[in-house]
Asker: 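One structure coming up, written as structure tokens, with questions to follow.
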Amino acid sequence: MHAGIDFGTSSCSIGVWKDTGPVLLSLDGESDRLTSALYTSRTTLKIEKLDHEELTTRIANEKRRQSIEAQKAQDQGYTHKTPSDAELENIVRGTMRRELEISAKEKFQNQTISEALYVDPEVVFGEAAIKHHIRDPESGYFIKSPKSFLGENLKTSYVQLFSEVVTRILAHIKASAENNTKAGIQDIVLGRPVNFHGTMGERGNRQALGILERSAIAAGFQNIEFVMEPIAAALDYERYLSTDRTVLVLDAGGGTTDCSMVKLGPTYTQTNHRDNSVLGYAGTRIGGIDIDIQLAMQKIMPYFGKNSLLYNDLPIPNTLFWNAIAINDVNAIEHFSSNRTLHEIDVYLSQTEKKKELGRLKKLHLDKLMVRLNRSAELAKIHLSEKDNNIS
């Protein structure tokens, strides 16, 4: 069976052709849209068993140390109580167990999302992923809008991470669709923006397409084709045309905004290749997420200390607040989450009267509430866009 997938920045959907037209399939409960989000819990790390060879060595070493201490005590004229062999073994065992517990705890805390995904713990998608993360940000890992990162200048480890995340989401979409249709889906057409969000231009586009194609194959699809998203919209619109037209198609997405000028109509519908009917296209790397970020920056971040002055009348750098909300920027997220940023916040806290506001920023950092804040901005945008009247 063939299908078309819109792997969007904000949400994903999949459609199949039934009778005389495309039909979107349910992906998230009754909804035919799946929020582009993934959550995976941290894997519980078992405390390793005691190494009996090391235990024997440590007991022998401790016996030697006790003998030396006893000899020193005797030479200095006081009594040294030497533990029995059983007591000595219990002491060494207890020490080794505590060391293994500390090691397991450190591994758990330093675990990466890649490690968690490869161990294959509970993975949830869509709105459920958002709810899991908001409920307890510390218990797992969360990625929203992975598509917005695919065209960025990524380190190899991040390319591998986002490839795995995209694979998981596409595999979930495939499984949900096949369960819905009771048939296998091998061939897909994937929508793509004219230009992916990022700073690398055409190199970023090639990187993003490579990640999407490899991930689709890893998810179980056999034949993958790409079509530009505004062109896909134009072809759908063409089904309702009875005369030829030249149409400007505007696609305002979550991560990019694209437009295309296309010749459509009955004359072109039977043409296998539509390259000649596309007069031109262009895309900019600005979308709905950027609106969320700007709304958060201008209207929410002042409550977290933005525009505050230090005692020397210099402002706190805006970069600090931008990094807290730029959820489509890997480097910004990494920088805000670092211990270095926590130190910066503490320094500014000691140098400003706006301690309440900066205290909120510190809590934002410590409790990893950046996604919750951005989600609040997104919901505010949606609420405002649904209102007909101006809201003061």
Side-chain angles (χ1 to χ4, degrees), residues 39 42 102 105-113 130 133-145 148-149 152-155 157-158 161 197-199 255 285-381 383-384 391-392:
Y39 173 92
R42 290 176 180 264
I102 292 171
K105 185 176 181 180
E106 288 177 348
K107 288 179 181 179
F108 179 80
Q109 292 173 338
N110 296 327
Q111 185 182 122
T112 66
I113 181 174
I130 294 176
H133 176 72
I134 289 177
R135 186 164 56 244
D136 188 2
E138 294 285 350
S139 67
Y141 302 96
F142 176 78
I143 289 184
K144 187 174 184 290
S145 305
S148 63
F149 299 97
E152 295 283 357
N153 188 8
L154 299 173
K155 294 183 290 188
S157 59
Y158 281 128
L161 168 61
H197 191 280
T199 57
R285 299 175 179 90
I286 297 176
I289 287 181
D290 298 282
I291 296 175
D292 302 339
I293 292 171
Q294 287 293 342
L295 181 59
M297 187 68 173
Q298 301 304 324
K299 297 298 182 182
I300 299 178
M301 294 316 288
Y303 294 98
F304 290 80
K306 180 178 175 286
N307 303 324
S308 298
L309 297 177
L310 302 174
Y311 291 143
N312 59 8
D313 289 333
L314 291 175
I316 297 174
N318 274 344
T319 305
L320 181 65
F321 305 100
W322 181 262
N323 289 343
I325 56 175
I327 63 168
N328 60 350
D329 185 329
V330 173
N331 293 325
I333 296 170
E334 194 173 64
H335 190 85
F336 185 78
S337 302
S338 68
N339 289 330
R340 179 183 173 184
T341 293
L342 180 60
H343 175 70
E344 288 178 9
I345 295 172
D346 284 335
V347 170
Y348 294 136
L349 267 168
S350 67
Q351 298 178 6
T352 182
E353 294 180 355
K354 299 291 186 176
K355 299 189 185 301
K356 182 178 180 181
E357 289 81 355
L358 262 292
R360 292 179 182 137
L361 187 70
K362 183 174 181 178
K363 182 174 178 60
L364 190 73
H365 171 96
L366 292 174
D367 293 350
K368 296 180 173 59
L369 300 174
M370 296 84 79
V371 171
R372 178 181 290 189
L373 188 147
N374 188 272
R375 176 70 164 172
S376 297
E378 179 187 20
L379 293 175
K381 177 192 70 177
H383 177 71
L384 290 169
I391 300 177
S392 56

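For the single chain, residues carry numbers from 1 onward in sequence order.
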Asker: Looking at Arg375 and Glu378, is there a salt bridge between them, counting it only when a charged N and a carboxylate O are closer than 4.0 Å?
Answerer: yes
Asker: CD1/Ile134 to OG/Ser376 distance, rounded to the nearest 0.5 angstrom?
Answerer: 7.5 Å
Asker: Report the residues that fulfil side-chain contact (heavy atoms from CB on, under 4.5 Å) with Ile333, sequence neighbours left out, ordered by chain and then residue number.
Answerer: Phe149, Ser337
Asker: Apply the side chain to side chain contact (heavy atoms under 4.5 Å, CB included) test between Leu373 and each candidate in Asp292, Leu364, Ile327; give the one that qualifies.
Answerer: Leu364
Asker: Taking the side chain as C-beta and beyond, is there a heavy-atom pair between Phe142 and Ile130 under 4.5 Å?
Answerer: yes
Asker: Check the angle between the aromatic planes of Phe336 and His365 and answer parallel, tilted or perpendicular using the 30° and 60° thresholds.
Answerer: perpendicular
Asker: Show the nearest heavy-atom pair for residues Leu361 and Phe321, with the distance to one decimal.
Answerer: CD2-CE2, 3.8 Å
Asker: Please assess His133 against Arg372 for the test side chain to side chain contact (heavy atoms under 4.5 Å, CB included), listing each intermediate value before the final yes or no.
Answerer: CA-CA 8 Å; His133 176 72; Arg372 178 181 290 189; over 6 Å; no
Asker: How long is the span from the OG1 atom in Thr341 to the NZ atom in Lys362, to the nearest 0.5 Å?
Answerer: 13.0 Å
Asker: With sequence neighbours excluded, tell me which residues meet side-chain contact (heavy atoms from CB on, under 4.5 Å) with Asn328.
Answerer: Ser148, His197, Ile289, Asp290, Ile293, Ala326
Asker: Taking all non-hydrogen atoms of both residues, which atom of Leu295 and which atom of Ala377 are closest, and how far apart?
Answerer: CD2-O, 3.4 Å
Asker: Can you tell me if CD on Gln294 sees more than 12 non-hydrogen neighbours from other groups inside 6.0 Å?
Answerer: yes
Asker: Can you give me the closest heavy-atom contact between Lys363 and Leu369, atom names plus distance?
Answerer: O-CD1, 4.3 Å
Asker: Does Asn339 CG have over 12 foreign heavy atoms under 6.0 Å away?
Answerer: no
Asker: Would you tabulate the side-chain donor-acceptor contacts of residues 298-313 under 3.5 Å, counting partners in other chains and residues two or more places apart, or write 'none'?
Answerer:
residue : atom : partner : partner atom : Å
Ser308  : OG   : Gly305  : O            : 2.7
Tyr311  : OH   : Thr352  : O            : 3.4
Asn312  : OD1  : Leu314  : N            : 3.0

Asker: Within the 4.5 Å heavy-atom criterion, are Glu334 and Tyr158 side-chain neighbours or not?
Answerer: yes
